[in-house]
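A quick write-up on the structure given underneath.
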Amino acid sequence: MYFDSLSAVWHMDGHGFYVWLSYALTFLPVAIMLWLPIRRQRQHWQWIVAEQRRANSRPADAQSE
Amino acid sequence: MWTFIHKMGSPPWFFRFSGVVVQWLLPITIGLLLVGAAWGLLVAPPDFRQGNSYRIIYIHVPAAVVALAGYYVMAFAGAVSLIWRIKMADVTMRAAAPVGAVLTAVALITGAIWGKPTWGTWWVWDARITSMLILLFLYLGVVALFEAYENKTAAARACAVLSLVGTVNIPIIYKSVDWWYSLHQPASIKFTGESAIDSSMLYPLLLMIAAFYCLFALTVLLNMRAELVWNHREANWLQQLVRKV
């Protein structure tokens with residue numbers, strides 16, 4: 001550990017703003033970049049599940065009529 | 001080896017294989033990123049000339065390195081899809097483009113933020129920075145070009161050609177700091193000979209480069225899997241897989 005206190009970590013001898021801003025502007029897009037395809041795949045998966053359910057319920061409806 | 005490459009072209013096999021890889025790679029990537037960032041931010045000593053602002057190196061350099069390497073991956077996949085018409089290569093190419101664009105943008109933005117306290121300016125039309133900006137436009141061009149075509153087979157071919165033509169830019173980026181010596185410093189890490197960076201700063205940097213390579217592989221795989229699920233929504237193998245879960 002190089003720094004003595006939390007406020008020293010935050011301040012970084014006057015460079016804190018630049019350092020923390022660049023880390024924030026890196027990790028935010030990275031998190032979004034990881035989350036978007038996971039969400040997209042889940043949505044596609046749910047679409048297929050719903051489609052299968054629809055396909056399964058169709059012959060049952062035809063019998064009841 | 002050849003059977004492995006052959007299998008990679010088969011969507012059901014690839015989907016199963018990548019599922020296992022992603023399961024391991026996701027925690028590994030997040031762990032490496034957090035450890036590397038903490039090491040670079042808190043443990044590594046400050047630079048004797050730049051002070052603490054140099055800590056941006058631990059995201060700036062890995063993002064730039066992987067953005068360049070990622071371009072080769074995209075262009076190679078584009079070449080494979082052009083020559084052998086393998087659908088999987090086309091999916092790989094398109095999955096790599098947005099990831100490369102984000103990494104290039106991160107390298108440019110963190111570079112600009114680093115430039116402010118170090119050079120006194122956010123932006124200069126330095127050769128390295130300008131060629132990186134062109135790289136960003138090439139990545140975005142591949143994404144946009146694919147969307148512009150109605151016919152997706154033609155779109156994939158156009159994207160592959162664009163990505164191949166764009167490879168000209170990569171050696172220019174590498175060499176730009178030596179050919180046009182201006183504000184951007186030359187490479188500190190060398191494969192041959194002594195690196196111009198102390199090991200207490202080098203180790204966290206190498207760790208972050210490894211983390212960003214993992215991140216690139218992971219996001220490309222995630223993008224490919226999302227694309228495969230949609231493309232094969234009517235295929236038998238996927239229907240059975242969905243039924244099982």
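Values below: every heavy atom of this structure, side chains too, minus hydrogens, waters and symmetry copies. Protein chains get the first letters and strands the later ones, always in sequence-line order, with residue 1 at the start of each.
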Relative to chain A, which of [options] shows the most heavy atom pairs under 4.5 Å?
options	value
B/V43, B/L103, B/L222, B/L41	B/L41
B/P46, B/A44, B/A112	B/P46
B/I56, B/I30, B/I59, B/L228	B/I59
B/V229, B/V102, B/V106, B/L238	B/V229
B/L26, B/V22, B/T110	B/T110

More than 12 heavy atoms from other groups under 6.0 Å of [atom1] on [X]:
X	atom1	value
B/F76	CZ	no
A/W35	CH2	no
B/K87	NZ	no
B/W13	CH2	yes
A/R42	CZ	no
A/F27	CZ	yes

Contact part of [X] toward chain B, heavy-atom cut-off under 4.5 Å: side chain, backbone, both or neither?
X	result
A/V19	both
A/I38	side chain
A/H15	side chain

Hey, could you give me the [atom1]/[atom2] distance between [X] and [Y], rounded to the nearest 0.5 Å?
X	Y	atom1	atom2	value
B/W230	A/Q41	CH2	CD	13.0 Å
A/W20	B/R55	CH2	CZ	9.5 Å
B/I113	A/F17	CD1	CZ	7.5 Å
A/S22	B/I109	OG	CD1	10.5 Å
A/T26	B/Y58	OG1	OH	14.5 Å
B/N231	A/H44	CG	NE2	9.0 Å

Which atoms of [X] come close to chain A, meaning under 4.5 Å heavy atom to heavy atom: side chain ones, backbone ones, both, or neither?
X	value
B/E227	both
B/F216	neither
B/L215	side chain

Which of the residues A/L36, A/L21, A/I32 is involved in the greatest number of heavy-atom pairs with chain B at under 4.5 angstrom?
A/L21

Below 4.5 Å, heavy-atom pairs only: which of A/M33, A/Q43, A/Q52, A/R39 has the largest tally toward chain B?
A/Q52

Close side-chain approach of B/T118 to A/Y18, heavy-atom, < 4.5 Å
no

Shortest non-hydrogen contact from A/F3 toward B/N52
CZ-OD1, 3.6 Å

Which heavy atom in A/P37 sits nearest to a heavy atom in B/A226, and how many Å separate them?
O-CB, 3.7 Å

